[in-house]
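In what follows, a structure is listed as structure tokens, so that the remarks can point back to it.
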Amino acid sequence: MKTSKLLIPTLKETPADAEIRSHQLLVRAGLVKKLSQGVYSYLPLGWKVMKKISDIVREEMNKRDCQEVMLPIIQPADLWKESGRWDVYGKELMRFTDRHDNEYCLGPTHEEVITDVVRSFVNSYKQLPMNLYQIQNKYRDERRPRFGLIRSREFLMKDGYSFDKDEAGLETTYQVMYDGYSAIFDRCGLSYRAVEADSGAIGGSNTHEFMVLAESGEAAIVYCPACDYSANTEKALMDLSHVDTEEELEMEKVLTPDQQTIAEVSEFLGTDPKKSIKALLYRAVYAESEEHVVVFVRGDREANEIKIQNALGAMAVDMDTDEETITNLGIQRGFIGPVGLDNVTVLLDEEITRLKNLVCGANEKDYHLKNVNYGRDFECEHIVDVKEVKAGDLCHKCQAELVEARGTEVGQVFKLGTKYSVSMGATYLDENGKSKPLVMGCYGIGIGRTMQASVEQNNDEQGIIWPKSIAPFEAVVIPAVHKKQEQVDAAERIYQELQEMGVDVLLDDSKERTGVKFANSELIGYPVRITAGKMLGEGKVEIFVRSTKEKIEVPLEEASTKAKEILDTLA
RNA sequence: CGGGGCAUAGCGCAGUUUGGUAGCGCACCUGGUUUGGGACCAGGGGGUCGGGGGUUCGAAUCCCUCUGCCCCGACCA
């Protein structure tokens with residue numbers, strides 16, 4: 001391909017509306033263009049990268065006996081009512097009505113559709129296991145689209161669904177998919193971690209998220225540097241084997257006028273915040289009701305809302321600081337404690353049951369309690385894990401100190417179980433002629449996210465540094481001065497030779513000055529650049545490696561062979 | 001959803017306070033000189049100033065309204 005035949009609208013200036021580096025670079029390098037909030041056009045180079053990632057996905061999936069299909073984006077409401085998600089999915093689901101007043105949605109995911117296909121055609125254990133996938137646009141009306149392709153409303157996604165006879169079969173399939181996903185992200189040259197995560201709105205029991213580590217990541221994770229444990233903080237466990245062994249002192253009520261926050265109270269009483277109990281008031285929303293819940297965690301900790309939501313089985317929770325609510329509940333802002341608090345639902349983080357002689361609110365204005373002990377002074381029906389695990393907490397597997405990081409989720413593998421097969425009647429006959437629900441798994445990869453995550457991870461001052469496997473072109477050949485025929489001829493020759501060697505190569509035949517061509521090639525980030533320029537007088541050309549910035553001079557005759565050699569060594 | 005900000009040429013911006021009919025840089029077109037690190041000279045094209053309404057002799061500028069886009073978001077018991 002030649003640049004004269006390609007639309008590559010590079011920008012010198014950073015676009016005003018792009019916040020993070022990868023978003024800026026995707027726009028500046030001419031890979032994508034925003035049409036509307038969270039809606040993007042993929043330009044030739046951007047789409048080429050997307051296709052390379054998609055092809056890697058296809059290869060790894062096909063290798064594992066997965067079959068590619070193409071399912072409809074337009075999905076009837078009835079199907080979603082069958083699974084029960086029409087009323088549950090909320091505002092993220094893009095809904096519309098056709099001219100006959102029939103309701104539809106644009107698919108945010110395809111469990112319903114694939115289950116409909118499979119229940120129609122898969123009836124026997126002899127057909128199992130089966131694994132179907134597609135690569136297609138998904139639609140989600142995100143609360144706040146941002147960061148370019150990282151959180152958009154229309155996005156290309158690989159989604160796959162597995163069907164097994166039983167849990168054991170799913171376990172095997174899940175592991176195959178887990179390995180397949182690892183292979184895909186390895187081939188895309190990403191640095192990532194597979195973390196344990198909450199199963200969220202799709203439903204199901206067990207899940208791993210593939211997180212590309214990045215400062216700008218929207219998800220918080222913790223991982224253990226000593227063993228393989230890593231988890232999203234909404235799921236993360238920590239070691240709780242520590243138990244205070246000190247003697248239980250006599251509980252006393254102390255005057256703490258206007259001392260409301262943990263910091264104030266600890267300062268006032270001269271105690272360690274870790275030896276206190278923090279109270280947080282949440283409003284929990286259920287399908288047909290809502291209630292207020294007081295959550296207690298150790299004084300220096302935060303609570304994790306997802307964990308609270310799961311502990312309550314609520315659809316959503318949010319913190320409530322409304323004065324009127326607090327008054328109506330009959331609790332004392334700033335002085336809430338678990339002792340004698342019985343007019344409201346209470347969640348107690350398990351950690352607190354292991355600590356002795358704690359400080360907490362006395363449920364009376366301007367008073368706190370000292371030396372409070374679980375079991376002796378209060379009990380709680382709901383002992384749960386709702387704390388936000390943080391750096392320095394100990395790994396529950398090996399007791400090493402956990403580390404915090406941020407990540408962008410590029411893929412997820414998921415055990416669905418029989419949630420959809422039961423609600424939608426997807427069954428098969430087993431060896432004994434008995435009808436059983438199919439056991440499902442689902443597996444997703446954000447193609448656009450993967451592209452942008454790679455950019456976020458691989459860039460420098462000059463621009464993008466693509467891994468070879470997903471670069472828009474593996475190499476670019478540049479005649480330094482377009483009016484010098486010998487340079488143009490040499491570049492053309494190298495271009496032809498590389499093409500014959502099967503290299504995905506671009507010839508820059510633009511009429512730009514040398515500096516412009518160099519700057520653009522580095523902005524776009526082709527792994528290798530070959531320049532036919534002033535050294536041609538000595539019969540030499542220059543090979544430049546984007547990732548290492550290494551420049552070598554080689555004789556024209558050896559240029560393509562050498563370039564290919566270098567490419568073969570690159571990831 | 002709540003809060004804040006922005007909207008003027010393809011991109012980045014000035015002009016708005018103090019109303020007088022739109023400008024700069026980049027990009028683009030023509031000609032010329034240049035050519036190993038985002039050139040220079042000369043000439044040129046391109047804007048219903050986000051939409052609608054109002055005030056006024058006159059509105060990018062003042063008022064009302066709608067829309068779009070960007071950022072932030074409970075850390076407190």
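Order of the sequence lines fixes the chain letters, A, B, ..., with proteins taken first and strands second; residue numbering starts at 1 for each chain. Computed from a predicted model, the values in this text were never measured in an experiment.
- Both Gln260(A) and Gln462(A) lie near RNA chain B, and the one whose nearest nucleotide falls closer to the 5' end is Gln462(A).
- As rounded to the nearest Å, A74(B) and A27(B) have P atoms that lie 43 Å from one another.
- Taking atom P on both nucleotides, C62(B) is separated from A39(B) by 39 Å, rounded to a whole Å.
- Within 4.0 Å of Lys551(A), counting heavy atoms only, lies at least one base atom of the nucleic acid.
- Across G38(B), U35(B), A77(B), the shortest atom-to-atom separation from the side chain of Val481(A) is found for U35(B).
- On the P atoms, A14(B) is 14 Å away from G50(B), given to the nearest whole Å.
- Look at Gln37(A) and you'll find a side-chain N or O under 4.0 angstrom from OP1 or OP2 of C70(B).
- Between the side chain of Arg529(A) and the base of G37(B), at least one donor-acceptor pair of N or O atoms lies under 3.5 Å.
- Separating the P atom of C75(B) from that of G38(B) is a span of 50 Å, rounded to the nearest Å.
- As judged by a 4.0 angstrom heavy-atom cut-off over every strand, Glu13(A) is placed among the base-contacting residues.
- Proximity note for Leu280(A) (side chain, C-beta onward) versus A77(B), C71(B), G37(B): the nearest is A77(B).
- Listed by chain and number, the residues in a side-chain hydrogen bond (donor to acceptor under 3.5 Å, both in side chains) with Glu492(A) are Gln496(A) (sequence neighbours excluded).
- Nucleotides A60(B) and U8(B), compared at atom C1', are 7 Å apart to the nearest Å.
- Side-chain N/O atoms of Glu291(A) and Thr345(A) include a donor and acceptor closer than 3.5 Å.
- Atom name P, nucleotides U61(B) and G15(B): the rounded distance is 15 Å, in whole Å.
- G23(B): Watson-Crick or G-U partner is C13(B), with both key distances under 3.5 Å.
- Atom P of nucleotide G36(B) and atom CD1 of Ile543(A) are separated by 20 Å, given to the nearest angstrom.
- Taking atom CZ on Phe147(A) and atom C1' on C72(B), their separation rounds to 11 Å, with Å as the unit.
- In this entry the distance linking CD1 of Ile8(A) with P of C28(B) reads 14 Å, nearest Å.
- Counted by atom type alone, Glu388(A) and Asn304(A) present one or more donor-acceptor pairs between their side chains at under 3.5 Å.
- One interatomic measurement links the two molecules: NZ of Lys33(A) to P of G10(B), which rounds to 10 Å at whole-angstrom precision.
- Of the candidates A39(B), G38(B), G12(B), the closest approach to any side-chain atom of Ala16(A) belongs to G12(B).
- The CG atom of Leu7(A) sits 14 Å away from the C1' atom of C11(B) (whole-angstrom rounding).
- Nucleic acid contact class of Gly533(A) (heavy atoms, under 4.0 Å, all strands): base.
- Using N1 to N3 plus N6-O4 or O6-N4 for Watson-Crick, or N1-O2 and O6-N3 for G-U wobble, each under 3.5 Å, U55(B) pairs with nothing.
- The phosphate of C69(B) (OP1 or OP2) has a side-chain N or O of Ser36(A) nearer than 4.0 angstrom.
- Partner assigned to G43(B) is C29(B), using Watson-Crick or G-U wobble distances below 3.5 angstrom.
- The base-pairing partner of C75(B), taking Watson-Crick or G-U wobble contacts with both distances under 3.5 Å, does not exist among the strands shown.
- With 3.5 Å as the limit, one finds a donor-acceptor pair spanning the side chains of Glu209(A) and Asn232(A).
- Comparing A77(B), C26(B), G37(B) by their closest approach to the side chain of Lys12(A) singles out C26(B).
- Residue His482(A) places its side chain closer to U35(B) than to any other of G37(B), U35(B), G38(B).
- When distances run from any side-chain atom of Arg144(A) to the nucleotides C71(B), G36(B), G38(B), the shortest one goes to C71(B).
- Checking Pro15(A) against Ala532(A), the closest nucleotide of RNA chain B that is more toward the 5' end is the one next to Pro15(A).
- One interatomic measurement links the two molecules: CG of Leu11(A) to P of G12(B), which rounds to 8 Å at whole-angstrom precision.
- For Leu281(A), the listed nucleotide lying nearest its side chain is A77(B); candidates were U35(B), A77(B), C26(B).
- Judged by distance alone, with hydrogens and angles left aside, Glu512(A) brings no side-chain donor or acceptor close enough to the base of G38(B) to form a pair under 3.5 Å.
- U61(B): no Watson-Crick or G-U partner with both key distances under 3.5 Å is found in any strand.
- For Tyr282(A) and His292(A), the ring centers sit 6.0 Å or farther from each other.
- Atom CG of Asp17(A) is separated from atom C1' of C69(B) by 7 Å (rounded to the nearest Å).
- Phe473(A) carries Lys48(A) over the face of its six-membered ring, with the cationic atom under 6.0 Å from the centre and within 45° of the normal.
- Across G68(B) and A42(B), the matching P atoms stand 45 Å from one another, rounded to whole Å.
- Note on Asp300(A) versus Lys390(A): salt bridge recorded, some NZ/NE/NH1/NH2 to OD/OE distance being below 4.0 Å.
- Closest contact between the side chain of Lys483(A) and the listed nucleotides U34(B), C11(B), A77(B) involves U34(B).
- Taking every side-chain heavy atom of Lys34(A) into account, C69(B) is the closest of G12(B), G37(B), C69(B).
- Side chain to side chain, His368(A) and Asp366(A) fail the donor-acceptor criterion of an N or O pair below 3.5 Å.
- The gap from the P atom of U17(B) to that of C6(B) amounts to 15 Å, rounded to the nearest Å.
- Remark: aromatic rings of Trp466(A) and Tyr526(A) are distant, center separation not under 6.0 Å.
- Comparing G12(B), G36(B), A39(B) by their closest approach to the side chain of Ala480(A) singles out G36(B).
- Heavy atoms of Ile331(A) sit nowhere under 4.0 angstrom from any nucleic acid atom.
- Distances shown here put every side-chain N or O of Arg283(A) at or beyond 4.0 Å from the OP1 or OP2 atom of A74(B).
- With hydrogens and angles left out, the side chain of Arg28(A) and the base of G38(B) share a donor-acceptor pair within 3.5 Å.
- Atom CZ of Phe335(A) is separated from atom P of A77(B) by 11 Å (rounded to the nearest Å).
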